[in-house]
Amino acid sequence: MDIPLSTIAVVGLGTMGTGIAEVLARSGREVIGIDTDETAARRAVASLEASTARAVERGRITEEERRDALARFRTFSELRAAADAELVIEVVPESYEIKQQVFRELDAIVSPATILATGTNALSVTRLAAESQRPERVLGLHFFNPAPAMKLVEVVSSVLTAPPAVEAVTELARLLGKEPVAIGDRPGFVADGLLFGYLNQAAAMYEANYATREDIDAAMKLGCGLPMGPLALLDLIGIDTARTVLEAMYSASHDRLHAPAPVLGQLASAGLTGRKAGRGFYTYAEPGSQTVVPDALTPAPRGAEAAGRPVRSVGVAGSGTMASGIAEVFAKAGYDVVLAARGQEKADLAKARIAKSLDRSVTKGRLSEEARDEALGRITAAASLDAFAEVNLAVEAVAEDLLVKQELFATLDKVCRPGAVLATTTSSLPVVAIARATGRPEDVVGMHFFNPAPAMKLVEVVRTVLTADEVHATVHEVCHTVRKHPVDCGDRAGFIVNALLFPYLNNAIKMVEEHYASLDDIDAAMKLGGGYPMGPFELLDVVGLDVSLAIEKVLHNEFRDPGLAPAPLLEHLVAAGCLGRKTGRGFREYARR
């Protein structure tokens, strides 16, 4: 059936409804904006006027195109204005009662051929369709905020939806310049189904006082390349909205990862719903502002903490990519570095790897030849840990094996001078268990760099119950000297980044196991709808499925949450030797090099 969808009604002119109306009007559609609140309608018109004016200033549209778009957008206060619409998109509050009332009224107003779309991201499309007189014409059309900028549109079918209706709105989405993803009906769909579990865990992490809001947000931005930290994103979405979505997801899944963190309910009940209220996890200059202002929870300026120990020379233990990357970071920052491996040949190869990395920086104009030569000259390749006798800081970057690390730290305890700080780069093992292998556990701290160390700005500083204040302060000072951003976290599995990242990756695998969506659709949804630099399956194949499974097991063993149990599909692929890019096959196949 050929449905042109040239006249479209948008019911609900809040932020999302206004954004959808703008997208439609600028694409040449006649847009009927409907809201019972005349103030909301006036705001929508003003918003469209302002956004199109900015588009003209930036050269994206002409003044004539702006006038035409504004002329195509008309606002009304009653639903009967939608009588001639070929498609109606409702974006009213996330309530079955409110949405069902809208659909019941529309049934008596619009043509039998009119498609009725719900913009919900939390409620059952099937349940809404069942209340309509024409359930075959009801579907979900989930845009992402801000609608003019975000490319993803989730097209949600219920078991009642007729294929021609799906085809019509899918084609519309493409004509609007969006990327439509066809999916079935379940709370959260793909993008929000994965995103809100992650946001909920971040809220719970904050509520447990495991890390500050600033450190949680910085960790996920710097460690995963995300455009916003999870707590800032919750403030943007609206804490009340997030809680509603999570409640709907939990009622369907009964997965504890979806049970809303109590802090979300407390903030929502207090009216602290995020940016729109002027306060949520953060405090803002005024309601609706994006400017964060200091409050009682804002960290004190640097310098208030204990003084650290002087560090002039650094020992790096290991010969792999991480060890050489860390050694490069310290050498470029002016430290004398001893790079120790098991044998002189391995140590020399690691230094040669650093030389190639520095050469690439020179070629790209990021480093002068003089700076390269100076950095390389500060690195001494050594055949054993005995060369660490005079270093002030020793950093290990060896295999992620507790016994191996304990043996190494027992050696460092004997070799390193009194007062030297001993740091482990572990990403999943208990730091205190490594510290107890020494006679000076107060000198041991976690210093988790991210790969590639020269490029990644984040360092998770892991303090055990035994770590001395001045050791903690020393690591912070060193991080700032090497131009890394330190975030503090306690000694528990996953620290911040992996504890939030890997349950999200695991849930993506479960979606595939359940045949809910394809690898490609899930990757596209998270990149286009969530702003992730890589989709979950792209990332899993890069990290390595064996590494990912090991981290999942550590998290599951530590927290004993059934929702954290590794997805069977991940275990099967690892057992089959399909480990990702490094083996040529993981969730996808790769060309052999």
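Just so it is clear, the model here is predicted, and its values are computed rather than measured. For this chain, numbers begin at 1 and follow the sequence in order.
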* Around R492, counting heavy atoms of other residues, nucleotides and ligands shown, do more than 12 lie under 6.0 Å from its CZ? -> yes

* Among side-chain atoms of E22 and S47, is any donor-acceptor pair under 3.5 angstrom? -> no

* Asked: Rounded to the nearest 0.5 Å, what separation is found between the CG atom of L234 and the CD1 atom of I239?
  -> 6.5 Å

* Whether D107 side chain and Q133 backbone form a donor-acceptor pair below 3.5 Å -> yes

* Asked: Take atom CZ in R104; do more than 12 heavy atoms of anything else shown fall under 6.0 Å from it?
  -> yes

* Would S158 and T161 count as having a side-chain donor-acceptor pair, cut-off 3.5 Å? -> yes

* Give a yes or no on whether the ring-centroid distance for Y198 and F502 is below 6.0 angstrom. => no

* Asked: In Å, rounded to the nearest 0.5 Å, how long is the span from CD of E86 to OG1 of T7?
  -> 5.0 Å

* Take L579 and V574 through the side-chain contact (heavy atoms from CB on, under 4.5 Å) test and state the conclusion after the steps. => CA-CA 6 Å; L579 308 183; V574 171; 4.1 Å; yes

* Asked: Under a 4.5 Å cut-off applied to non-hydrogen side-chain atoms, are M228 and L236 in contact?
  -> yes

* **Euclidean distance, M511 CE relative to D521 CG, rounded to 0.5 Å** => 11.5 Å

* Heavy-atom closest pair, residues R29 and I8 -> CG-CD1, 3.7 Å

* **Whether N498 side chain and S428 backbone form a donor-acceptor pair below 3.5 Å** => no

* To do: With R585 as the cation and Y590 as the aromatic partner, state whether NZ or CZ is under 6.0 Å from the six-membered ring centre and within 45° of the axis.
  => no

* Would you name the heavy atoms of L528 and L152 that are closest together and state the gap between them? => CB-CB, 3.7 Å

* Determine the minimum heavy-atom distance between A82 and V110, stating which atoms define it. => O-CG1, 3.6 Å

* **M526 side, atom CE; Y504 side, atom OH - distance, nearest 0.5 Å** => 4.0 Å

* Would you call the rings of H448 and F450 parallel, tilted or perpendicular, where under 30° means parallel and over 60° means perpendicular? -> tilted

* Asked: Is there a donor-acceptor contact under 3.5 Å linking the side chains of S361 and R366?
  -> no

* **Derivation and outcome, side-chain contact (heavy atoms from CB on, under 4.5 Å), residues N451 and M456** => CA-CA 7 Å; N451 204 18; M456 299 296 282; 6.0 Å; no

* Asked: Any donor and acceptor pair, going by atom type alone, linking the side chain of R560 with main-chain N or O of N557 inside 3.5 Å?
  -> yes

* Kindly say whether G188 contributes a backbone atom to a donor-acceptor pair with the side chain of N121 at under 3.5 angstrom? => no

* Answer yes or no: does atom NZ of K553 have more than 12 heavy-atom neighbours from other residues, nucleotides or ligands under 6.0 Å? => no

* **CD-OH distance between Q290 and Y282, expressed to the nearest 0.5 angstrom** => 14.5 Å

* Structure fact -> On a heavy-atom basis, the closest approach of G563 and K510 is O-NZ, 3.0 Å

* **E558 side-chain N/O to A493 backbone N/O, donor-acceptor pair under 3.5 Å** => yes

* Asked: Do E538 and R588 pass the salt bridge (charged side-chain N to carboxylate O under 4.0 Å, His left out) test, and can you show the C-alpha distance, the side-chain angles, and the key distance before you say yes or no?
  -> CA-CA 8 Å; E538 291 177 286; R588 294 184 174 88; 5.8 Å; no

* **N/O donor-acceptor pair under 3.5 Å between Y206 side chain and Q201 backbone** => no

* **E154 side chain vs A191 backbone, donor-acceptor pair below 3.5 Å** => yes

* Indicate whether the side chain of T241 and that of E94 have a donor and an acceptor atom separated by less than 3.5 Å. => no

* Of all the heavy-atom pairs spanning A147 and I20, show the shortest one and how long it is. => CB-N, 3.8 Å

* **Atom of E136, atom of A165 and distance for their closest heavy-atom approach** => O-CB, 4.2 Å

* I would like to know whether K276 and D240 meet salt bridge (charged side-chain N to carboxylate O under 4.0 Å, His left out); could you show each step before the answer? => CA-CA 11 Å; K276 60 189 175 185; D240 51 343; 2.9 Å; yes

* Asked: Within the side chain of E400, is there an N or O that forms a donor-acceptor pair under 3.5 Å with the backbone of S427?
  -> yes

* Between E90 (side chain) and K99 (backbone), is there a donor-acceptor pair under 3.5 Å? -> no

* Asked: With no hydrogens and no angle check, is any side-chain donor or acceptor of D185 less than 3.5 Å from a backbone partner on V125?
  -> yes

* Asked: Does the salt bridge (charged side-chain N to carboxylate O under 4.0 Å, His left out) test come out yes or no for R243 and E247, once each step is laid out?
  -> CA-CA 6 Å; R243 189 169 185 272; E247 288 282 12; 3.5 Å; yes

* **Distance, nearest 0.5 Å, that separates CG of L139 from OG1 of T126** => 11.0 Å

